[in-house]
Asks: 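Shown below is the structure under consideration.
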There are 2 protein chains.
Amino acid sequence: MKGLETTIIPEPSLRRLPLYHQILELELENNTEFISCSKIAEMLDFTPIQVRKDLSYINLIGMPKKGYKVIELKDEIENFLGWNRNDEAFLVGAGNLGKALLSYAKLKDKGLTITAAFDKNKNLAGENFFGVTVFDISKFQELTYRMKIHIGIITVPAPEAQKVADIMVKSGIRGIWNFAPSKLNVPEKIIVQDVNLSSYLAVLSQKLK
Amino acid sequence: MKGLETTIIPEPSLRRLPLYHQILELELENNTEFISCSKIAEMLDFTPIQVRKDLSYINLIGMPKKGYKVIELKDEIENFLGWNRNDEAFLVGAGNLGKALLSYAKLKDKGLTITAAFDKNKNLAGENFFGVTVFDISKFQELTYRMKIHIGIITVPAPEAQKVADIMVKSGIRGIWNFAPSKLNVPEKIIVQDVNLSSYLAVLSQKLK
DNA sequence: TAGATTGTTAATCGATTAACAATC
DNA sequence: TAGATTGTTAATCGATTAACAATC
């Protein structure tokens, strides 16, 4: 039994864990057995100290002089991130961006399976993209209840995002992954994760100057 | 003439500016004339202090008791972010994600126009998506030189991203917006902006627990 | 053994938050 | 005028970096 007191991981560290995982997958393909923080850092242009600190939030001991066993560290990160559990999500907006996400098979390896897509365009209902069936948006609530889904993905244009969010909230969705460039108005208890391309673009342009 | 000493904006503040801009566009549609930091903060679930601090990096004075003129603040943010200049970019990878970006008309309002797309699939050469022509990847270098492009967007699958980055570097691209979940190996002087979905997903899952 | 690397505590740095004078 | 809000300087908080003992 572990202590009750668990240091919670800072968000910046949490965001870096998937990057470490990606490196570990590459190294595993090369049959590397051990990897050190310095090696990981070098590959990602981070500092070794930062990598070591980040990994300290994970339940794993490395070996002095050798580093971490690649397979163990990879598994432990997956474990920490919950990538071996499998969450199901519903996606709303079967346009190009929606289809891009549906086609992205790697999501499954990261614990997320999109089990159905929805769209307001009735012509799309019944279509199948990358093995995922599209339903009319009117079916969202019923199916969410029936399949006990609690993650929703929004890939509709900005002006429709709020309407979709309202439907999701009403249907009992607890977490929303929002790809529309709109600030969603939802009850406090709903988790919203925004992917805002404009912010990236602002940083890129600034750095280019 | 301004002083030589300009306080540079912290990256977190820079990333928030586009969010403020979005709010201002909404308010402008509503014909709101003035807006205060508190109002902006309330709409985005930020603190008023943070908004005020962020806006202080921008060259604009507000009016005590009233706030900022919506139109002025909007223009000044656009100016600060360089959204009235227009940069041209080439996109490589005309799959679903690539098409999603090509269809996203709002990019133009943010100073970025994608003027051509490239793909290694020769069947796509000559196709036109949302007004943008697709060329074979072999044409990338020549067209980049000729059109003096210095921003590249990578929307190919992970295993091909490095190859594309190499072509971009060789062609004189200075900034890369990378949507592939791979760490790119490029010379130090090249700016890379990664959009890593796994990091978002990690944060969302963590918060849901 | 010597040396490299981990794990962890302490120091530093930078962003966020607070405080408050200036102003309309 | 009183009160709300800006603009800016100071205090706080948290993440990053440094330092160093422990270990194989």
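First the proteins, then the strands, lettered A, B, ... as listed; each starts at 1.
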Asks: In dot-bracket form, 5' to 3', how is DNA chain D paired? Count Watson-Crick and G-U wobble pairs only if both distances fall under 3.5 Å, and write | where the partner sits on another strand.
Replies: ..||||||||||||||||||||||

Asks: Look at the rings of B:Phe90 and B:Phe140 and say which category their plane angle falls in: under 30° parallel, 30 to 60° tilted, over 60° perpendicular.
Replies: perpendicular

Asks: Tell me the interatomic distance from B:Ile40, atom CD1, to D:dT5, atom C1', rounded to whole angstroms.
Replies: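 Rounding to the nearest Å, CD1 of B:Ile40 and C1' of D:dT5 are 12 Å apart.
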
Asks: Which of residues 197-209 of chain B sit near DNA chain C, with a heavy atom under 4.0 Å from it?
Replies: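 Result for residues 197-209 of chain B: none.
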
Asks: When the distance from NZ of A:Lys39 to P of C:dA4 is rounded to whole Å, what number comes out?
Replies: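 Whole-Å distance recorded here is 17 Å.
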
Asks: Start with the C-alpha distance between A:Leu91 and A:Leu101, add both sets of side-chain angles, then the distance that settles side chain to side chain contact (heavy atoms under 4.5 Å, CB included), and finish with yes or no.
Replies: CA-CA 9 Å; A:Leu91 177 145; A:Leu101 281 175; 4.0 Å; yes

Asks: Measure the distance from CD on A:Glu42 to P on C:dT5 and round it to the nearest whole Å.
Replies: 11 Å

Asks: State plainly whether the residues A:Asp45 and B:Lys183 are in salt-bridge range, i.e. N to O under 4.0 Å.
Replies: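 Yes.
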
Asks: B:Leu14 and B:Ile9: which non-hydrogen atoms are nearest, and at how many Å?
Replies: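 Closest pair (atom of B:Leu14, atom of B:Ile9, distance): N-CD1, 3.7 Å.
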
Asks: Could you check if a side-chain atom of B:Val92 sits within less than 4.5 angstrom of a side-chain atom of B:Thr155, using non-hydrogen atoms only?
Replies: no

Asks: Angle between ring planes, B:Tyr20 versus B:Phe46, binned at 30° and 60°: parallel, tilted or perpendicular?
Replies: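 Perpendicular.
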
Asks: Does B:Gln162 reach the main-chain N or O of B:Asn185 with its side chain, forming a donor-acceptor pair under 3.5 Å?
Replies: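 Yes: the side chain of B:Gln162 pairs with the backbone of B:Asn185.
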
Asks: side-chain hydrogen bond (donor to acceptor under 3.5 Å, both in side chains) for B:Asp54 and B:Gln50? Distances and angles first, verdict last.
Replies: CA-CA 6 Å; B:Asp54 287 345; B:Gln50 184 166 63; 5.2 Å; no

Asks: For nucleotides 10-24 of chain D, read 5' to 3', which letter fits each nucleotide if B means a protein heavy atom sits under 4.0 Å from the base, S means only the sugar-phosphate is that close, and - means neither?
Replies: -----SSBBB---B-

Asks: Is there a side-chain contact between A:Phe179 and B:Leu197 in this structure, where contact means two heavy atoms from C-beta onward sitting under 4.5 Å apart?
Replies: yes

Asks: Under 4.0 angstrom, heavy atoms only, what part of the nucleic acid is B:Ile9 near: base, sugar-phosphate, or nothing?
Replies: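 Here B:Ile9 touches no strand at all.
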
Asks: Determine whether B:Leu201 and A:Leu107 make a side-chain contact, defined as any pair of heavy atoms from C-beta on separated by less than 4.5 Å.
Replies: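 They are in side-chain contact.
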
Asks: CG of A:Leu73 versus P of C:dG7: gap in Å, rounded?
Replies: 10 Å

Asks: Let's go through A:Thr113 and A:Lys108 carefully: what are the C-alpha distance in whole Å and the side-chain angles of both, what is the deciding distance for side-chain hydrogen bond (donor to acceptor under 3.5 Å, both in side chains) to 0.1 Å, and is it a yes or a no?
Replies: CA-CA 5 Å; A:Thr113 307; A:Lys108 279 208 186 71; 5.6 Å; no

Asks: Which part of the nucleic acid, if any, lies within reach of A:Ile58 when heavy atoms closer than 4.0 Å are counted: base, sugar-phosphate only, or nothing?
Replies: nothing

Asks: Using whole Å, report how far CG of B:Leu55 lies from P of D:dG7.
Replies: 8 Å

